[in-house]
Each structure stands twice: as C-alpha cells, then as structure tokens.
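Chain identifiers are assigned alphabetically (A, B, ...) following the order of the sequence lines, protein sequences preceding nucleic acid strands; residue numbering begins at 1 within each chain.
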Amino acid sequence: MSGTETAIVVDEIPVPFKPGQTILEAALEAGVYIPHLCAHPEFAPHGSCKLCTVIVNGRNASACTLKAAAGQEIEVDTPDLHAYRRTLVQMLFVEGNHFCPGCEKSGNCQLQALAYDSEMMTPHFVEFYPHRPVDASHPDVLIDFNRCIQCELCVRASRDVDGKSIFALVGRGMASHIVVNSPSGKLGDTNFSVADKAAHVCPVGAILIKRVGYAVPIGERRYDLEAISEEASRCAGEEVR
Amino acid sequence: MLNLETAQSPQKLRRVAIEPVSRVEGHGKVTILLDAENRIHQVRLHIVEFRGFEVFIQGRPYWEVPIAVQRLCGICPVSHLIAATKAMDVIAGFGPLTPTAEKLRRLLHYGQIVQSHALHFFHLSSPDLLFGFESEVAKRNIIGVAAAFPDLAKQGVLTRKFGQEIIAHIAGKRIHGTGVIPGGVNKPLSVADRDSMRAGIDQIVDWSKAAVGLVIQLHETNPDFYRTFGESRANMMGLVDRRGALDFYHGGLRARDADGGPIFDQIDYATYRNVLQEDVKNWSYMKFPHIKTLGADKGWYRVGPLARVQVCDVMPTPLAEAERRTFLNAGGGKPLHGALMYHWARMIEMLHSAELARELLDDPDIVGTDLMADKGPRREEGVGVIEAPRGTLFHHYRADDNDLVSYCNLIVSTTNNNQAMNESIRAVASRYLSGRELTEGLLNHIEVAIRAYDPCLSCATHALGQMPLEVDLIDADGTLVSRARKG
C-alpha cells in the first residue's frame with residue numbers, strides 16, 4: 001500500500017489517517033487544526049455546529065462526520081471558510097445571551113476562543129436577547145440557559161456515559177432548546193450529580209459548578225496560555241477538547 | 001444651603017443646558033434657569049441615563065456579581081469589585097480573611113486610589129487649575145498640560161501607570177480583572193512582581209508628595225478663591241478604624257457636621273440603613289441620600305477626600321499625616337468646604353495610599369500563599385463598604401436558597417455626594433454666573449466644581465468616550481440666541 005492510500009491532503013499538506021478516522025480526527029492527530037465546537041473525542045459526532053465545515057474535493061462537508069479517505073483534497077484555512085465560520089460564531093453569539101465580561105467561563109470558553117480564532121470583532125447581527133431563566137435548583141450545579149449553544153454534549157454525556165439521560169434537545173428550528181428530564185423541568189429534581197460527566201463537558205458557560213467562579217487567575221486560564229488553534233497543534237495525537 | 005433647586009416661577013425663564021458635562025465620564029447634564037437680566041433662579045445637576053445594575057443582577061449567582069458590577073465603571077472598577085466581594089464574603093459564609101488575602105486586597109485598593117486620584121487631578125482637573133477656567137479651550141486638557149508643563153504631566157501619567165500596574169499584578173488586568181473572589185484572592189503575588197513594584201514605589205511617594213506641594217502652590221496664588229469656590233457647608237462622612245484613623249478598606253461609619261461636631265461614630269456599616277435614607281427626585285436618576293436623624297433638608301452630606309481627611313482623627317502614615325495637619329491649619333481650626341479643596345485633600349490621599357502601598361510591599365505577608373478563608377454556613381444577606389476614591393461606597397445584597405441574588409442596593413460615592421455637588425454648582429452659579437452674559441469659560445466654572453468632586457458619573461450613568469460640550473442659549477420665547485460648542 002502506497003503512502004497516498006493512507007493520507008489525505010489538508011491545505012496541500014499530506015495528513016495520514018487510520019481506517020475509520022474522520023477528517024477532523026486525522027487532522028487533529030497530525031496537529032492540523034480545524035475549528036470545531038460540538039465535536040468531542042469521547043462522543044459520537046453529529047455534525048450540528050458546522051464550524052468544522054471544510055471543502056472536500058470541491059464540496060462542503062463536516063470534518064467531524066466525514067470519514068477520511070484516500071484521494072481527498074481538503075481546504076480548511078481559506079478566506080471564504082474563515083469568514084463563513086466567523087458568521088456561524090456570530091450567529092451563536094446573538095442567538096443567546098453571551099456577555100463575556102461577566103461570565104465566569106471567560107478565558108476557558110470554547111465559543112469565546114473560537115470568536116478570537118475567527119477574528120470576530122462584533123456580533124454583527126441584531127441580538128435576539130432571548131429570555132432564558134437560570135436553573136439554580138440543584139445544590140451543586142447551575143444551568144445558565146442564556147449561554148447554551150445546543151451542542152448536545154451534555155445530552156450525549158448524560159445518556160452515553162452517565163446512563164441518566166437527564167438532558168434532551170426539544171423543539172425545532174428557532175424553537176430548539178435544551179430541557180431537563182424531570183416532572184418540574186428543574187435540575188434539582190433529577191438524580192444529576194456534580195460527579196457526572198455531563199457536569200464537566202459543557203464547552204461554554206451554560207453548565208457550571210456552583211461557588212467556584214473566577215478561581216483561576218487571569219493569565220492562567222486555558223485560552224490565556226495559548227489560542228485554541230495553538231493548543232490543538234501542541235496536543236497533536238492527544239485527545240483535545 | 002442655597003434655595004436654587006427649584007425656581008418659584010419657571011415660566012418665562014431661559015434655560016441653559018450643559019450637556020454633557022465634559023472631562024467627566026458618564027452622562028451628566030446641568031440646567032440653569034435665568035431671567036431676562038441673566039439672574040440665576042434654578043441650577044440642577046441631572047443624571048440622565050439609567051443603567052439598572054441593581055435590577056439586572058437579580059437572578060444571577062452571587063459569586064458572579066462582583067465581576068459583573070465592576071463594569072459600573074472604567075475608572076474605579078476595583079472599588080466595586082472589592083465592595084461587592086466584601087458583601088459576598090459574608091453571603092458565602094466565609095470567616096475572617098487570611099492576612100495575605102486582606103493585604104493583597106488592600107494593596108489592590110491602594111493601587112486603585114493612586115491611579116484614580118492621579119487621573120482625576122492630573123488628566124482631568126489640572127488643566128483648569130494650571131491654565132485658568134476661562135483659558136483657551138483647545139489647550140485646556142492633558143495634552144495642553146504636557147506641552148506647557150512636560151515634567152508635571154509625565155509625573156501624573158507615570159503615577160497613574162504605577163497604580164494600574166499594581167492592579168494588573170493582583171487582578172490580572174489593569175481594568176476589569178478578577179483577583180478578588182469571595183473568601184480571599186485567587187492568586188499569590190510573586191516575589192518578582194513584588195520586587196518590581198517595590199523598586200518603583202519610592203518614586204511614586206516622592207511624586208505624590210510633590211503633587212501635594214503643587215496644589216498648595218496653586219492655593220497660595222489666591223487662597224480666598226480656592227477656599228470659597230463652590231463652597232457648600234455640608235455634613236461629612238467616611239470610614240475610620242477603631243482608633244479613629246482613616247481606613248480606605250474597612251471600618252466604622254463616622255459623620256461630622258459642617259463645624260466638625262459629631263453626628264455618629266463607629267456605626268457598623270452593615271446597619272447603614274439605620275442612619276442613612278435615600279430619597280428620589282423627579283428630575284434625576286441619581287438618588288439623594290441623607291442622614292436620617294437630620295432629615296432631607298439638613299441631613300445631606302459630603303463624602304470623598306475632602307470629607308475623609310476632616311472626619312478622621314489621623315492618617316496613619318507620617319508624610320500624609322503631616323500634610324493633613326497643614327491642610328487643617330489652612331482652615332484655621334474649622335472644616336473646609338470649598339469644592340477646590342477636594343484637590344488638596346485628594347493629593348494628600350494619593351500620598352497616603354502610596355505610603356500604605358510601600359508598607360505592604362515591605363511586609364513579608366504580601367507574598368504569602370494562604371489565600372482563602374475558612375468557610376462556614378451560607379448567609380442570606382451581606383453588606384460591603386469601602387472608601388472608594390470618590391467616597392464611601394455601599395454594596396448590599398441578598399441571595400436566595402439557590403444562590404441567586406434576590407436583592408441589591410448600591411449607594412455609590414457619586415450618589416452620596418449628589419446634594420453636595422448640586423449645592424456647590426449652585427454656589428458657583430450664583431457667585432460667578434448670575435447677571436452676566438454666559439460664555440464657555442463661565443460655564444466651565446460649573447464643570448470645574450463637578451470635576452472637583454467627581455470626574456466620573458458612570459456609576460449612575462451610561463457612556464464613556466469623547467464628550468463634546470454644546471451649550472444653547474435660548475431666550476424667554478424659546479429662540480436660539482447663541483450656541484457654543486467644544487470637543
């Protein structure tokens with residue numbers, strides 16, 4: 001078997017892949033960063049956020065769901081794709097209530113990190129300012145739905161790892177939102193635990209452990225130390241979130 | 001107290017508006033009602049924007065609130081961060097802070113006072129004092145100061161920079177950092193950072209002492225003018241420690257009357273509502289607090305440097321205390337109430353803060369690593385009070401059983417000074433403007449008085465940025481007579 005049969009080409013760089021790997025997995029393992037938000041190495045991908053959109057042999061595809069295959073010529077870092085990703089991030093910002101200055105996830109937030117990565121300077125679109133109440137009913141964990149981006153990582157973690165299926169995405173289109181599986185709809189009325197995987201998988205500031213905000217000083221937060229793309233390159237071969 | 005708050009017959013009076021007030025952060029507006037002979041009948045400082053922090057932080061988790069509310073201000077965010085966190089120390093159930101945590105918070109606070117006082121005096125107020133209130137408007141700013149007095153401007157800018165560097169070392173950023181969290185602080189101060197600050201602090205003490213000397217020099221050019229400009233006899237309030245010494249970070253509330261006589265002392269600030277009451281007026285978004293026992297008419301008071309240096313028995317650092325004695329002597333044994341006297345008191349406080357910072361940088365505890373207090377049961381309610389650069393700052397919160405804030409009351413320094421500022425600009429208007437043709441320079445007299453108290457109305461207002469000033473002179477029939485514009 002020749003090298004070209006086990007490699008894809010990402011922005012003119014040969015990237016080897018293992019059978020069954022997605023384009024995103026192969027690229028990250030090789031230290032080539034493709035922006036992504038809803039993909040997580042511990043869970044099955046479902047290609048919802050579309051940030052990992054790349055052009056494969058001239059056609060758009062989600063790098064997190066499309067399997068790598070020999071002969072793929074992939075464009076990732078082009079001006080058009082960069083602008084397209086920035087638009088997606090801007091839409092995520094205006095759809096919720098994302099006020100980074102007061103958010104305890106600031107500096108550790110993947111949405112914020114991707115906003116920097118995509119060089120987002122303003123929200124651009126008109127803010128929706130939706131009314132989304134905070135669920136603080138659980139003694140140890142708080143859900144701030146204002147910041148939810150509906151990536152469904154909590155849904156997948158609670159169902160597939162914790163075996164509790166505490167979260168679900170309901171509604172369609174603009175009305176889509178996360179609900180809590182209890183008669184009251186409150187997290188405090190579930191058997192959710194601070195030790196659950198779902199309590200620690202949120203990429204934004206929607207699911208938070210109570211009473212520990214801002215404990216990490218500015219300068220030592222995850223994305224203070226290196227940009228999200230630099231982290232991915234440094235951690236090539238490791239499981240990166 | 002001048003009776004210029006409400007004109008007897010506002011009909012047929014001309015209205016002049018200074019909107020917005022310049023070299024002041026936030027949106028303030030001054031309106032003046034004049035009769036046909038330009039005699040003053042009514043003067044009001046209005047706060048015209050509504051921000052609503054007290055309401056929109058309700059329903060937010062209590063530990064998030066100090067970081068959110070520091071956005072009240074871009075000049076003194078540290079003050080709001082510390083006051084709110086002091087309240088949340090109580091709500092979260094923490095016991096006394098560790099020595100290192102309290103000292104780091106104090107150092108942060110003193111850095112804040114140094115940078116804020118330097119900005120207030122050098123950048124925003126000194127152009128009026130150095131060039132004259134009616135000097136050429138294009139040069140009456142910090143750039144003009146830098147051109148005419150380069151060494152002085154450099155000292156002002158570098159003093160402020162040093163204060164900001166203290167903040168950055170502890171809070172992680174010069175503006176809107178973190179650092180202070182319920183129960184303590186989130187990082188130790190490194191020896192390298194301590195040494196870096198220690199290497200520079202002697203210079204800041206020297207420059208601060210020189211700044212006091214500069215204010216005295218200016219005062220000596222026309223002592224009567226400086227003593228009486230914008231004078232309003234007011235009660236005075238500030239925090240003092242148990243010995244009666246000024247304490248910017250913590251203490252009991254003390255109030256004295258306009259002659260220096262006692263009103264109350266060592267009041268636990270958590271019970272502030274027993275001694276203070278807030279009123280509202282239909283022409284301003286800013287509340288009018290007063291001392292309960294004296295009523296609204298006689299109970300309004302002054303806070304900030306001019307009140308603090310005269311309310312305390314001593315400032316517990318040698319250079320500042322010596323300067324305070326000189327200041328008190330200028331009053332001949334009676335309290336001083338002129339608006340420009342704020343600047344003298346302010347520079348004494350900057351010197352005091354620099355000396356306090358030097359003491360802390362020499363204290364081995366400042367590089368300690370025991371940062372968080374022991375935690376007990378959560379509490380429902382907490383009050384945090386500090387002496388912010390502009391005056392006493394109250395943060396009062398309640399949090400429900402789910403850890404969400406259910407109540408908030410803020411009395412910011414500007415609000416405490418609301419009536420006093422109004423009285424000072426009324427004094428200026430009746431003394432310098434009444435009966436004269438209004439010019440930009442004359443109207444600047446009003447702004448000079450406001451800036452002496454406070455270059456920052458944003459605690460109660462909205463915007464930050466370039467503030468052009470436009471004054472319309474409208475006659476009794478509503479016709480535009482003239483328009484002056486700057487900025």
Closest-packed option against chain B by number of heavy-atom pairs under 4.5 Å, given A:E220, A:E104, A:R211:
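The candidate making the most pairs under 4.5 Å is A:R211.
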
For each of A:G102, A:G219, A:P217, tally heavy-atom pairs with chain B at distances under 4.5 Å, and name the one with the top tally.
A:P217

Is it the backbone or the side chain of A:D140 that comes under 4.5 Å from a heavy atom of chain B, or both, or neither?
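Neither part; nothing is under 4.5 Å.
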
Name the region of A:D144, side chain, backbone, both or neither, that has any atom closer than 4.5 Å to a heavy atom of chain B.
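Side chain only.
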
Among the options B:L404, B:N186, B:V65, B:D403, pick out the one with the most heavy-atom pairs lying under 4.5 Å from chain A.
B:N186

Only pairs of heavy atoms separated by less than 4.5 Å count here; which of B:K173, B:Q70, B:R60 has the most with chain A?
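Ranked by contacts with chain A, first place is B:R60.
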
If you round to the nearest 0.5 Å, how far is OG of A:S106 from CD1 of B:I67?
10.0 Å

Is it the case that atom [atom1] in [X] sees more than 12 heavy atoms from other parts of the structure closer than 6.0 Å?
{"X": "B:D365", "atom1": "CG", "answer": "yes"}
{"X": "B:K161", "atom1": "NZ", "answer": "no"}
{"X": "B:D374", "atom1": "CG", "answer": "no"}

Pull out the residues in residues 116-127 of chain A that come under 4.5 Å of chain B, heavy atom to heavy atom, sorted by number.
none

Ion pair check, B:E64 and A:R147, cut-off under 4.0 Å:
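Salt bridge: yes.
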
Considering non-hydrogen atoms only, spot the tightest contact between B:W63 and A:Y214 and give its length.
O-CE1, 3.5 Å

Sub-3.5 Å donor-acceptor pair from the side chain of A:K210 to the main-chain atoms of B:N402, do we have one?
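Yes, the answer is positive, given that a donor and an acceptor are paired below the 3.5 Å cut-off.
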
